[in-house]
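Here the structure is a predicted model, which means the values were calculated and not measured. Numbers restart at 1 for each chain; the letters A, B, ... are given by sequence-line order, proteins then strands. Side-chain atoms are counted along with the backbone in the values below, which use heavy atoms only and exclude waters and symmetry mates.
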Protein chains: 2
Amino acid sequence: MRSPTLNIQANNCHNCRMSTLCLPLTLDVGSLDRLETVIERGRPVHKQQFIFHAGDPFQSVYAIRSGAIKSYCTSEDGSEQVTGFYLPGEIFGWDGIDNNNHKNTAVALETTALCEIPFNRFEEVSRTMPILQQHFMRLMAKEITSDQELITLLAKSSAEERVASLLISLSNRLKRQHLSATRFRLPMSRADIGNYLGLTVETVSRVFSRFQSFDLILCDKKEIEITNLPGLSSLAHKPKIT
Amino acid sequence: MRSPTLNIQANNCHNCRMSTLCLPLTLDVGSLDRLETVIERGRPVHKQQFIFHAGDPFQSVYAIRSGAIKSYCTSEDGSEQVTGFYLPGEIFGWDGIDNNNHKNTAVALETTALCEIPFNRFEEVSRTMPILQQHFMRLMAKEITSDQELITLLAKSSAEERVASLLISLSNRLKRQHLSATRFRLPMSRADIGNYLGLTVETVSRVFSRFQSFDLILCDKKEIEITNLPGLSSLAHKPKIT
DNA sequence: CAGCTTCCATGATATAGATCAATTCTGTGT
DNA sequence: ACACAGAATTGATCTATATCATGGAAGCTG
């Protein structure tokens with residue numbers, strides 16, 4: 001059975017509409033068949049279930065077909081830092097390549113369908129498919145640049161800028177998946193947002209309220225409607241007239 | 001002629017004492033010879049000279065033999081965000097892989113000797129040397145985890161924790177290069193430090209003064225001596241008794 | 001459905017660090 | 001050696017956001 005708005009229920013890479021995101025465009029049909037043998041489509045993961053824990057041996061990276069994932073790492077003192085939110089069409093789990101175990105814990109924020117890409121078999125396959133390895137390096141580079149954008153946000157921006165940036169980022173990423181860029185449900189809590197953006201829950205909540213009073217957004221709990229996208233966008237990109 | 005303290009004046013990869021850092025340990029002599037043909041040792045770069053600018057086409061990554069590099073990106077509004085400091089034995093320039101041009105600008109903080117690793121030729125060579133590509137993915141993963149550590153630092157830590165963390169990080173990285181872990185010269189300005197850590201120059205300066213008054217460090221301008229390494233370390237790792 | 005827990009919103013207050021300002025020190029180039 | 005622009009330090013004040021505190025709404029569980 002197919003979801004009414006989003007056809008992601010493919011049973012192989014050939015007819016998965018995500019494929020251009022997690023696989024290079026230039027793969028011919030033969031290569032795709034070989035690759036097909038590597039990728040595993042798992043059971044849907046339910047809210048609050050873990051994909052992997054920090055410290056787990058690194059075996060796979062994961063592509064999201066539907067749902068949402070939060071990744072975070074835990075410091076010695078037990079405090080957590082949310083390092084990313086991942087949406088459909090995105091890949092996570094790179095953090096484990098370094099020393100063969102994951103630095104982050106990954107948990108489902110809602111019911112989520114994943115494709116698991118086992119890494120040992122991937123290396124095998126990519127030996128005969130250099131384009132694939134190149135593609136994956138590109139994906140890792142994307143992770144690097146998005147992390148650096150977050151660094152800039154945390155180092156330089158006010159609470160309003162941070163929240164606006166997150167909303168705009170979510171909007172753009174949903175749009176890329178041909179989902180509504182202006183109406184969506186936040187998969188994460190205010191606390192998660194605050195943790196991710198280096199703010200307290202209270203501040204996040206106040207910023208949401210302020211955005212509503214400025215008619216930038218409408219929100220009812222986790223349901224968000226961006227009513228003034230250009231306005232919110234300009235807030236996200238340095239409103240300071242410095 | 002060789003530097004008295006650090007033998008980095010190798011004229012090929014075989015006798016470069018950096019090689020275990022930028023190359024996989026398992027390369028046999030034959031492979032190393034082939035690789036040798038790819039890597040270029042450039043003229044020393046002087047202080048304030050640029051290695052590449054944001055927007056430049058991505059052609060190479062760079063290994064540092066001696067000196068120090070700062071990378072930063074510039075937002076639309078012209079403000080800069082320092083994204084990393086790179087020391088001997090470290091590799092930078094990954095940010096360009098994504099869409100074939102650099103997001104960051106890289107500039108020498110002092111006279112610096114680099115090895116340039118042209119990427120098109122690298123891909124060629126690595127086709128017959130899968131271990132090499134794997135090694136480079138590992139290096140990229142390191143960049144990801146170090147970016148995520150910075151994210152945590154920026155999101156969660158006080159000014160003192162941030163500065164202490166940077167000093168400890170520099171100390172560890174110099175130690176890895178068999179240089180003094182407790183006495184060194186900061187290659188970057190207070191302003192660079194502040195920018196990197198999301199603080200103002202004034203705050204950085206005050207923190208340095210405070211660290212001196214606590215007998216954690218001794219500093220004369222850019223010359224630093226860490227006089228209480230364990231103390232500084234514990235400051236870096238969450239002094240809060242939360 | 002009652003009771004519990006978690007999430008969210010909002011007000012009052014406190015504070016770390018920003019901002020503004022002035023001074024000294026440093027390094028660079030002539 | 002001198003002059004000048006930039007780098008660093010230090011002080012006084014201001015402000016954004018944290019912290020503390022409370023109440024209400026929503027979602028779970030038995």
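- The interatomic distance linking Glu160(B) (CD) with dG17(C) (P) rounds to 8 Å, in whole Å.
- Qualifying side chain to side chain contact (heavy atoms under 4.5 Å, CB included) partners for Thr111(A), counting only residues two or more places apart in sequence or in other chains: Pro44(A), His46(A).
- Across Ile224(B), Leu166(B), Asp192(B), a single residue satisfies side chain to side chain contact (heavy atoms under 4.5 Å, CB included) together with Leu186(B), and that is Ile224(B).
- If you check residues 192-200 of chain A against DNA chain D, the residues with a heavy atom closer than 4.0 Å are Gly198(A), Leu199(A), Thr200(A), listed by number.
- When the P atom of dT9(D) is taken as reference, atom CG of Asp220(B) falls 10 Å away, rounded to whole Å.
- Of the options Asp220(A), Val207(A), Ile217(A), a side chain to side chain contact (heavy atoms under 4.5 Å, CB included) to Gln212(A) is made by Ile217(A) and by none of the others.
- Separating the CD1 atom in Ile226(A) from the CZ atom in Phe184(A) is a distance of 4.0 Å, to the nearest 0.5 Å.
- Fit an axis to the five pairs at each end of the helix from dC1(C)-dG30(D) to dT30(C)-dA1(D) and the two axes sit 60° apart, to the nearest 10 degrees.
- Between the CD atom of Glu223(B) and the C1' atom of dC25(C) there is a distance of 16 Å, rounded to whole Å.
- Taking the six-membered ring for Trp and thresholds of 30 and 60 degrees, His102(B) and Phe52(B) have nearly parallel ring planes, at less than 30 degrees apart.
- The distance from the CG atom of Leu229(A) to the CG atom of Leu216(A) is 10.0 Å, given to the nearest 0.5 Å.
- Annotation: side-chain hydrogen bond (donor to acceptor under 3.5 Å, both in side chains) contacts involving residues 55-64 of chain A, sequence neighbours excluded, comprise Ser60(A)-Glu116(A).
- The separation between Lys47(B) atom NZ and dA7(D) atom P is 9 Å, rounded to whole Å.
- In this structure, a donor-acceptor pair under 3.5 Å is present between the side chains of Ser169(A) and Arg173(A).
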Quick tally for nucleotides 7-16 of chain C: nucleotides whose base has a protein heavy atom under 4.0 Å get B, sugar-phosphate-only ones S, the rest -, giving SSBBBB----

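- For Glu149(B), there are no salt bridge (Lys or Arg N to Asp or Glu O under 4.0 Å) partners at least two apart in sequence or on another chain.
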